[in-house]
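Lettering follows sequence order; numbering is per chain, from 1. Given the structure is predicted, the values throughout are model-derived calculations rather than measurements.
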Amino acid sequence: MNYWLVKSEPFVFSFDQLMSDGKTRWDGVRNYQARNFLRAMDVGDPVLFYHSNEGLEVVGIAKVLQANYPDPTAEKGDWSAVDLGPVKPFKRPVSLVEIKSNEGLQNIGLVRNGRLSVMPLTFDEFHLLLSLGETEL
DNA sequence: GCCAACGTTGGC
DNA sequence: GCCAACGTTGGC
């Protein structure tokens with residue numbers, strides 16, 4: 001099992017929307033590094049959901065419903081999509097400020113490369129974020 | 001709205 | 001294959 005974090009601008013697609021939709025296609029990724037992470041996702045992997053631009057916090061837990069398949073929105077090129085579903089919202093959102101000030105989270109992509117939209121988390125990072133969010137899987 | 005960081009493109 | 005120019009992302 002692997003652990004992940006994805007970013008979304010809440011006014012484009014928010015975690016609340018994922019909760020009410022029950023499922024979404026995670027497509028439109030046009031960055032090779034992010035694409036390769038999408039391809040490494042397995043069904044059932046937990047995915048933390050971060051709101052970029054607005055909110056700037058981890059707001060909930062999602063999971064992989066469907067492993068990677070060709071991105072139908074790609075007109076050319078070799079791109080992938082996955083399907084994600086909601087698990088549960090964080091009891092308490094975890095802000096970027098908090099993440100940056102936590103010693104155990106200095107190596108995650110959010111801190112090291114602010115522009116990466118799909119990134120892996122270690123077991124420890126994932127569980128640290130869960131406990132900061134006062135939420136259990 | 002600004003700008004730093006990063007990725008991509010294209011000329012040489 | 002290098003690197004300057006450009007575009008995009010996203011925090012501030």
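Phosphate proximity of C:dG11 to A:Y50: present, with a side-chain N or O under 4.0 Å from OP1 or OP2.
Look at CG on A:N53: it is 6 Å from P on C:dG10, rounded to the nearest Å. The OH atom of A:Y32 sits 16 Å away from the P atom of C:dT8 (whole-angstrom rounding). Going from atom CD1 of A:I99 over to atom P of C:dC12 covers 11 Å, rounded to whole Å. Regarding A:E57, its CD atom lies at a distance of 13 Å from the P atom of C:dC12, rounded to whole Å. Here the P atom of nucleotide C:dG11 and the NZ atom of A:K7 are 6 Å apart, to the nearest Å. Taking atom CG of A:N31 as the reference point, atom C1' of B:dC6 lies 9 Å away to the nearest angstrom. We find that NE2 of A:H51 is positioned 15 Å from C1' of C:dG10, with the value rounded to whole Å. We find that CG of A:L5 is positioned 14 Å from C1' of C:dG10, with the value rounded to whole Å.
Salt-bridge annotation for A:K91 and A:E136: absent, with no side-chain N of the basic residue lying under 4.0 Å from a carboxylate O of the acidic one. A salt bridge links A:D83 with A:K23: the distance from a Lys NZ or Arg NE/NH1/NH2 to an Asp or Glu carboxylate oxygen falls below 4.0 Å.
Under 3.5 Å, the side chains of A:S80 and A:R39 contain a donor-acceptor pair of N or O atoms.
Residue A:Y69 places its OH atom among more than 12 non-hydrogen atoms of other residues, nucleotides or ligands, all under 6.0 Å distant.
Residues from residues 106-116 of chain A lying near DNA chain B, meaning a heavy-atom separation below 4.0 Å, are A:R112, A:N113, A:R115 in numerical order.
Of the candidate nucleotides C:dG10, B:dG7, C:dC12, C:dC12 has the atom lying nearest to any side-chain atom of A:K100.
By the salt bridge (charged side-chain N to carboxylate O under 4.0 Å, His left out) test, A:R115 is found to be paired with no residue, residues two or more places apart in sequence or in another chain being considered.
Hydrophobic cluster membership is shared by A:L110 and A:F90, with clusters built from Ile, Leu, Val, Met, Phe, Trp and Tyr side chains linked at under 4.5 angstrom.
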